[in-house]
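It should be emphasised that the depicted structure is a prediction, and the values quoted were computed from it without experimental measurement.
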Amino acid sequence: MIIEIQRYRIHGACCDSTLHIDGQHVCDCAENADYRIPTGLYDVELLYSSEAHRKVPTLIPADSSILVKYGCLPILKMGNGVHTNCKGQIIVGKYCIPGVVVRSRDAFMPLYNRINNSMRRGNIVQLKITEL
C-alpha cells in the first residue's frame, strides 16, 4: 500500500496537505512548517509513541540524517493545530483553517485500521511525501 501526502500550502508556521491512498482522498493533514518532514519515500511501521501514548504510524526514513535533525522518528498522529505539534509530526483530520484540522480522531482511526489490516495481510506499507 502506498500512502501519499501532497503538500499544497506552506504559509508562516503552517504546512497544509492532503493524504491519499490509491489515488483516493482520505483526509487532510497539517504540520509545523519549520519542522516539516523532508519529501521522499518512507517505510511505515506501527510503533508505540510515548508522546501519543499509543501505537502510531511511524515513518522509517532511508536516510538516518533525518533522525539527527529531529532526534526521533516522524509520526502520523491525532491533533488539532501545528503550534502544539512537535518536530517531525503530521496531524490528520479535516481541514478547518491554515495549520488547523478538526475531527482528528475520526480521520486517524480509519487510517490506522487500514494500515494495520494491510500489514496483517503481509503487505508493505510506504508513505510518499510530495510538494505541489
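The side-chain heavy atoms of S17 and Y95, taken from C-beta on, include no pair separated by under 4.5 Å. Proximity of R7 to I37: side-chain heavy atoms (C-beta onward) are separated by under 4.5 Å at one or more points. Taking 4.5 Å as the limit, some side-chain heavy atom of L19 sits within range of a side-chain heavy atom of L111. Looking at L127 and E4, their side chains never come closer than 4.5 Å, going by heavy atoms from C-beta outward. A heavy-atom distance below 4.5 Å is found between the side chains of Q6 and H20. When side chains are defined from C-beta on, V44 counts as touching M119, because their heavy atoms get closer than 4.5 Å. Here the side chains of K77 and R54 are not in contact, with every heavy-atom distance at 4.5 Å or above. For the pair I60 and Y42, the minimum side-chain heavy-atom distance is 4.5 Å or more.
Within 6.0 Å of atom CZ in R105, 12 or fewer heavy atoms from other residues, nucleotides or ligands are found, so the atom counts as exposed in its surroundings. Within a 6.0 Å radius of CD1 in I124, no more than 12 heavy atoms belonging to other residues, nucleotides or ligands are found. For H11, the NE2 atom counts as loosely surrounded, since its 6.0 Å shell holds 12 or fewer non-hydrogen atoms of other residues, nucleotides or ligands.
Each of V56, I91, I5 was checked for a side chain to side chain contact (heavy atoms under 4.5 Å, CB included) with L76, and the lone residue meeting it is I5. Partner of I3 under the side chain to side chain contact (heavy atoms under 4.5 Å, CB included) criterion, out of L59, V26, I21: I21 alone. Partner of K94 under the side chain to side chain contact (heavy atoms under 4.5 Å, CB included) criterion, chosen from D106, V102, V100: V102.
The two residues C14 and P98 come nearest to each other via the heavy atoms SG-O, 3.7 Å. Pairing each heavy atom of S118 with each of V125, the nearest pair is OG-CG2, 3.9 Å. Contact between V101 and C29 at its shortest, heavy atoms only, is CG1-C, 4.3 Å.
The closest donor-acceptor contact from the side chain of D16 to the backbone of G99 lies under 3.5 Å. A donor-acceptor contact shorter than 3.5 Å links the side chain of R36 to the backbone of A33. Without hydrogens or angle criteria, D22 side chain to Q24 main chain gives no donor-acceptor distance under 3.5 Å.
Grouping the Ile, Leu, Val, Met, Phe, Trp and Tyr side chains by contacts below 4.5 angstrom, directly or via other members, places M1 with M109.
Put simply, CD on Q126 and CG on D43 are 5.0 Å apart, with the number rounded to the nearest 0.5 Å. To the nearest 0.5 Å, the span separating OG on S49 from CG on L73 amounts to 10.0 Å. Taken to the nearest 0.5 Å, the CG atom of L46 stands 10.0 Å off from the CZ atom of R120. To the nearest 0.5 Å, atom OH of residue Y35 and atom CD of residue Q89 are 12.0 Å apart.
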(message) The test is side chain to side chain contact (heavy atoms under 4.5 Å, CB included); show your working for K55 and Y112 and say whether it passes.
(response) CA-CA 9 Å; K55 282 188 175 181; Y112 179 90; 3.6 Å; yes

(request) Tell me, with the steps shown, if T130 and T39 meet side chain to side chain contact (heavy atoms under 4.5 Å, CB included). (result) CA-CA 5 Å; T130 60; T39 58; 5.7 Å; no

(request) I would like to know whether L132 and R9 meet side chain to side chain contact (heavy atoms under 4.5 Å, CB included); could you show each step before the answer? (result) CA-CA 8 Å; L132 299 178; R9 176 181 33 237; over 6 Å; no

